[in-house]
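Below: one structure, written as structure tokens.
These numbers come from a predicted model, not from an experiment. Read the numbers this way: they start at 1 and go in the same order the structure lists the ligands and their atoms.
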Amino acid sequence: MDPVLLNDWHPVALSTQIPAAGEGSPMLAADLLETRVLLWRDSGGVLHAWEDRCPHRGTRLSMGTLHDDTLTCPYHGWSFGKEGRCTRIPALPDAPLKAQVAVYRVQERYGLAWVCLGTPAHAGPPAFPEFADDQLRKVWCGPYDVSSSAPRIVENFLDMAHFAFVHEGILGDRQQTVIPDYTVETFDDAEYGSGVWAKQCYAFQPQASKAATGGSDIEYTYRVVRPLTAILTKHPPGSIREAIALLLQPLTETTTRVWIVMALNDFTSSDDALRAFQDTIFLQDQPILESQHPARLPLTPGAEVSVACDRMSLAYRGYLKQQNLHYGVLR
Ligand code: FES
Ligand code: CO
């Protein structure tokens, strides 16, 4: 398993999908980095993330029951307490209780549950400073399940030259396909942490946002803040502000669950309308992403042909190399 991703934090569910403890409260199963994860809340409201696998014979514990902060396996009824330690073996009540479920670190941030399967290289999930801004409304989109590697999805998110083709009439226009030059730099600051960013990116949009009625040149800023996290800030003319965080849950090296959290000051569109807009955009990207071969992002120079306006993609590839990421990439 790739240590960079093993030691990073990844979104695995909406916080609201994991209800408070109560009679027969459900447990939630999620997949992360080829590992089955089980999420549950104890009677104090504390969230737990365990390996969803009974140490006895590998059964999914999420198929069992949760009662009084005790999980019981559906197969032979072994029980496990809050720390994942076995507390009861019904078939042999006097047997030594050595079994222990693997327990992971979990945090809730941006309305999502984030899990780190390894030893955290960061204190918590990636920065998304716009989320803390009370002036901005928050909307959760997705999740979208895509048969592609997470790095391919990040690269697509950073790419503007496809707007006129894949999102024609919404994010782009075939009469205005040229991408003006833009600047790519590394950054290291208190707000976003460190990574690479592209600034002063301009693209013409026939419909600049859900609320827009006409086209305009839109300025974008793209930041890669972790190997699988990118934040786009749109600066349309006027007072509309919009930040879109792409938060990826790598399921396997070539399958990914995509979460999008928006922070914006459009208070007129409904949640459903904003979500439907992202759905439309994402469903246009999905077949392109799933057609890309190889599904793993090639980091070898010359494996794919790039031009000047791909410099943010190239900076992202360089960043992954520098981070020594192996998962979902070909080097
Ligand atoms: Fe879980 Fe046997 S597999 S108790
Ligand atoms: Co797109």
I'd like to know whether D266 forms a side-chain hydrogen bond (donor to acceptor under 3.5 Å, both in side chains) with S269, so could you lay out the CA-CA distance, the side-chain angles of the two residues, the decisive distance to 0.1 Å, and finally the verdict.
CA-CA 7 Å; D266 167 1; S269 310; 2.7 Å; yes
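A donor atom on one side chain and an acceptor atom on the other are found under 3.5 Å apart for S15 and E108.
Residues H162 and D285 meet the side-chain proximity criterion, which asks for heavy atoms closer than 4.5 Å.
Residue H56 forms a ring-ring contact (aromatic ring centres under 6.0 Å, His included) with just one option from F80, W78, Y75, and that option is W78.
Per residue D285, closest N, O or S atom to the Co ion (ligand 2): atom name OD1.
The hydrophobic cluster containing V261, built from Ile/Leu/Val/Met/Phe/Trp/Tyr side-chain heavy atoms closer than 4.5 Å, also comprises W9, L14, Y110, L112, W114, F128, F131, W140, F187, Y192, W197, V225, I231, L247, W259.
Under 2.8 Å from atom 2 (Fe) of ligand 1, one finds the following protein N/O/S atoms: H56 ND1, H76 ND1.
The pair D31-R36 does not meet the salt-bridge criterion, since no charged nitrogen lies less than 4.0 angstrom from a carboxylate oxygen.
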